[in-house]
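Beneath this line is the structure, given in structure tokens, with notes to follow.
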Amino acid sequence: MLMLLCDTRFVALIGQLTDTHVLARDDQETEVFVDNNARLVDAVASIRAETTPVDVLIGTGDLANSGHPAEYEALLELLEPLDVPFLALGGNHDVRELLRSSFPGTPWVDAEHASWSTVVAGVRLVGLDSTTPGEHGGRLDEERCDWLDGVLRAPFDGPTLLAMHHPPFASGIRWMDMHGFPGLDLLDEVLTAHPVDRILCGHLHRPMASTFAGAPAQVGMSTVQHVALDLRPDAPVAVIDNPVGYQLIDVRPDSIVAHSRYIRTAAPVIPAWASEFDQ
Ligand SMILES: [Fe+2]
Ligand SMILES: [Fe+2]
């Protein structure tokens with residue numbers, strides 16, 4: 001019988017919050033499907049209560065709902081109880097300048113290109129800005145891919161996670177795919193030359209997994225409504241209030257396991273089962 005021995009040493013726990021679509025505190029007019037800000041309150045409380053502390057949180061875009069300055073003020077207030085670093089990325093609902101000024105500690109590339117790269121707990125984290133002001137879909141160009149190439153070319157002894165708002169694969173959900181993603185050929189070239197260990201995305205509001213350039217690529221669930229799962233070629237625009245939450249990426253020497261943490265549906269651990277597995 002083949003025994004697979006795993007290296008269970010813990011390296012890092014990376015949290016991913018995505019598509020929080022925060023509203024201004026006094027916004028009574030914007031039509032939303034759920035209470036976006038209350039969902040983030042719940043997520044932050046849940047992250048604080050994690051039995052294994054999160055080393056860093058990545059916010060993979062659409063952190064604000066419409067990019068109004070008051071939304072970023074509310075976002076910072078809602079994130080304030082967290083005592084871990086927060087690495088923000090822009091989504092198509094964000095405004096780059098406001099995101100940059102709201103998170104001044106992030107090592108942004110420049111005013112037109114809100115990417116960053118850093119190392120936390122032995123893991124290289126790279127955030128790639130896939131947004132273009134005024135556009136719903138993702139777009140990459142030579143400048144951004146050249147920057148990424150330079151980052152990934154540098155020697156690093158450890159795993160690399162690449163975060164970006166727009167996933168580099170088609171979801172099969174018509175209205176989320178219809179804008180395409182120009183520049184993916186450039187990204188494919190870079191990642192083929194310099195592989196990463198995992199690609200973490202948002203934008204689609206529902207969890208899904210695929211691959212890109214040989215790397216596992218996944219979308220994290222939003223804290224607000226999900227895009228409805230409808231794979232018909234004429235699927236209408238539709239959202240659904242599925243259970244929501246955030247992602248925990250458990251990085252170990254020989255594995256990277258992505259977990260979904262649901263909020264508002266959590267049931268207590270059943271101690272009776274624990275003793276059986278502790279043998
Ligand atoms: Fe979104
Ligand atoms: Fe988005």
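Both ligands and their constituent atoms are indexed starting at 1 by order of listing.
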So the angle subtended at the Fe ion (ligand 1) by His205 atom NE2 and His21 atom NE2, rounded to 10 degrees, is 90°

request  = Could you tell me whether Asp19 and Arg39 make a salt bridge, using a distance below 4.0 angstrom between a side-chain N and a carboxylate O?
outcome  = no

ND1 (His203) to the Fe ion (ligand 2) to NE2 (His165), nearest 10°, is 90°

Once the angle between the rings of His113 and Trp147 is folded into 0 to 90°, is it parallel (under 30°), tilted (30 to 60°) or perpendicular (over 60°)? perpendicular

The single option from Leu40, Val34, Asp35 that satisfies side-chain contact (heavy atoms from CB on, under 4.5 Å) with Asn37 is Asp35

For Asp62, the N, O or S atom at the shortest distance from the Fe ion (ligand 1) is OD2

Closest to the Fe ion (ligand 1), among the N/O/S atoms of Asp19, is atom OD2

Shared ILVMFWY cluster between Leu57 and Val22, side chains joined below 4.5 angstrom?
-> yes

